[in-house]
Amino acid sequence: MKRRTLLGAALAGAVVTPALASGTARAADPGPSLTLTGTTTLDTQAIYFVSYDGLVNNNAFQKNGLLTHKGHQYAAWYTADRGAVVGRRALGAGTWSTLKVGHTLRYNDSHNVISMGISKVDGRLHLNMDSHSDGFTYVKSVAGLVDDPAGLSWTASRFGAPQSTLDGLALTSQFTYPQFVSTPEGRLQLSYRVAVSGNGRNALAEYDGSAWTNLGEWSSSTGTYTSEHGSSTARNMYLHGIDYDRAGRLHSFFTWREQNGAVMCSGGGITNHDTGYVYSDDRGRTWRNSAGTVVGTTGGSDKVAVTDSGLVIDPLNPDHSLMNQESQFTDSAGLPHAIISYVPGRFGQCTTNYVADRTANGRAFHVRRNASGSWQKTEIPVPLNSSQRTKLILDKYDNAYAIFPFCRIAGASKASGYSDWAILYDGVGAGLNAFGEVVIDETRVAQDNFLSIMYQEKSSGTTPSALRNLNFRLPA
């Protein structure tokens, strides 16, 4: 099959050298570094069960399980008795104040995470939770709660009753992957998937301070994808994230997952293929590829589809156990960066056991757009030793940090063109006993120059374990 791509096939396994890297940081800019400032405990007995190789309190695709606003940090999780809890602490404080929001986790399904968002237009905290291709539960606080933490007590009475709609707006009976994102104007958007894995569509809703509006679906599940093994006519787009940069552009990296396993070399693999990228300059109403061509309209008949040209920035067939929903971040210039991971071709051209092959031979790659508009890619020389996801942040100097499973953290400097990746912190060696994937406070990095991580300790069966918050100061 012939498809236009913006990154040459030869680059698929390449390592970018400094000579090819984008820009050069000022000589005075420091490189990446981490200063551990301490750990707090959110819950000594958080719910623990493993499903889909993950934990419901620490799935890396949560947006947001941990966030910061006006000097206070917020976290959400499920306790040992399955109750949904929200915690708050002043930055730097060692203890969390917690409250229950009146909802009980229904199933032992790690997809059913709690995601938080803040509508800056009215100072409310919003929660969407407990969904996997079915209904969701939604809770929101009173207006002004997060804007006046000193004046408004942190009590359950500050939150409304749990709802099965967004204040009366019913979205879909097959809802998954809530992700909140604040617009530059202070509105709050909710990204979610309609329908099911392998045959779903991405959609957006928006809260303006008075009501929710369903903006509609923007990706398509239809069209024919053909690999060297077979074809598929249904799929879904898995987002690596959805984020506004400082100028108000909305960015999203993604991968496709096909419904038909015939596209794979082996039934033990996974049908994810290709890394794609789209952006929006009108708050998610229309979507463009890297070249600026409109490829989809939210709520319209023309949606972003696998057959659209110019979407793929890093081509990869379904034979390498490419991870979905990995991570992305934008730098100070509004340039998008992402982490992707898969089993490189040097370990073979056909993965036959998704978990085992990724654990044995999986590698993460840093993909980014440079100032000239070209896409570059660097392999991070750190074995995954896990089938799970890696997170990405950039500090104020645009140094990059990859947060691997088990709280292993590597960094690379902008000055080197992101060629000098090295381990900065080893959570395994530090004895954290972290289960695997971690949750990152993406909002805190810019607010007070900290990397803040939520992780859960490894347990067995359904024995509850401690949920903790690890904090590092980034370069000043």
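As a basis for the values below, the full set of heavy atoms in this structure was taken, side chains included, without hydrogen atoms, waters or symmetry mates.
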Polar side chain donor-acceptor pair, D130 to T137, under 3.5 angstrom: no
Beyond-backbone contact of L239 with F61, side-chain heavy atoms, under 4.5 angstrom: no
Closest heavy-atom pair and its distance - L392, A400: CD1-CB, 4.3 Å
Flag side-chain contact, heavy atom, 4.5 Å: N128 against F175: yes
Residue pair H126 / S119, side-chain donor-acceptor N/O under 3.5 Å: yes
Test side-chain contact (heavy atoms from CB on, under 4.5 Å) applied to W154 and Y74, step by step: CA-CA 11 Å; W154 185 246; Y74 301 83; 3.8 Å; yes
Residue pair S290 / W375, side-chain heavy-atom distance below 4.5 Å: yes
Under 3.5 Å side-chain donor-acceptor pair for N260 and T233: no
Row check, Y177 ring normal vs R193 NZ/CZ: under 6.0 Å, within 45°: no
Parallel, tilted or perpendicular: ring planes of W218 versus W287, cut at 30 and 60 degrees: parallel
N199 and S221 side chains, donor-acceptor separation under 3.5 Å: yes
Y225 side chain reached by W256 side chain, heavy atoms, under 4.5 Å: no
Test side-chain contact (heavy atoms from CB on, under 4.5 Å) applied to N64 and R444, step by step: CA-CA 11 Å; N64 298 281; R444 189 178 178 189; over 6 Å; no
Which atom of R358 lies closest to which atom of S341, heavy atoms considered: NH2-OG, 2.8 Å
Side-chain H-bond candidate by donor/acceptor type, R257 with N236, under 3.5 Å: no
Verdict with reasoning, T275 to F365, per side-chain contact (heavy atoms from CB on, under 4.5 Å): CA-CA 11 Å; T275 297; F365 297 81; over 6 Å; no
Exercise: do S153 and R158 side chains pair donor with acceptor under 3.5 Å: yes
Under 3.5 Å side-chain donor-acceptor pair for Y277 and R369: no
Salt bridge (Lys or Arg N to Asp or Glu O under 4.0 Å) contacts in which one or both residues fall within residues 214-233, not counting sequence neighbours: R201-E217
Electrostatic pair R106-D134, nearest N-O below 4.0 angstrom: yes
Whether S321 side chain and V343 backbone form a donor-acceptor pair below 3.5 Å: no
Modelled atom types, side-chain donor and acceptor of S327 and R389, under 3.5 Å: no
Heavy-atom side-chain proximity of Q62 to E437 below 4.5 angstrom: no
For K391 against I339, the heavy-atom pair lying closest together: O-CG1, 4.3 Å
Any donor-acceptor N or O pair under 3.5 Å, side chains S197, Y238: yes
Nearest heavy atoms of F159 and T155, plus distance in Å: CD1-O, 4.0 Å
Between S459 and S465, a side-chain donor and acceptor under 3.5 Å: no
For E185, side chain to side chain donor-acceptor pair (under 3.5 Å) partners two or more places apart: T183, R283
Selection residues 257-337 - residue pairs positive for disulfide bond (SG atoms under 2.5 Å apart), sequence neighbours left out: C265-C350
Pairwise side-chain contact, T330 with Y244, heavy-atom cut-off 4.5 Å (strictly under): no
Side chains of D441 and F450 in contact at under 4.5 Å (non-hydrogen atoms): no
Q388 vs F435, side-chain contact (heavy atoms from CB on, under 4.5 Å): CA-CA, chis, key distance, verdict: CA-CA 10 Å; Q388 298 170 306; F435 167 79; 3.3 Å; yes
Nearest atoms (heavy-atom pairs only) where V121 meets G209: CG1-CA, 3.6 Å
D109 to H132 - nearest heavy-atom pair and separation: OD2-ND1, 2.7 Å
Under 3.5 Å side-chain donor-acceptor pair for H69 and D147: yes
Pair Y401-D395, side-chain donor/acceptor within less than 3.5 Å: yes
Charged N-O contact under 4.0 Å between D398 and R368: no
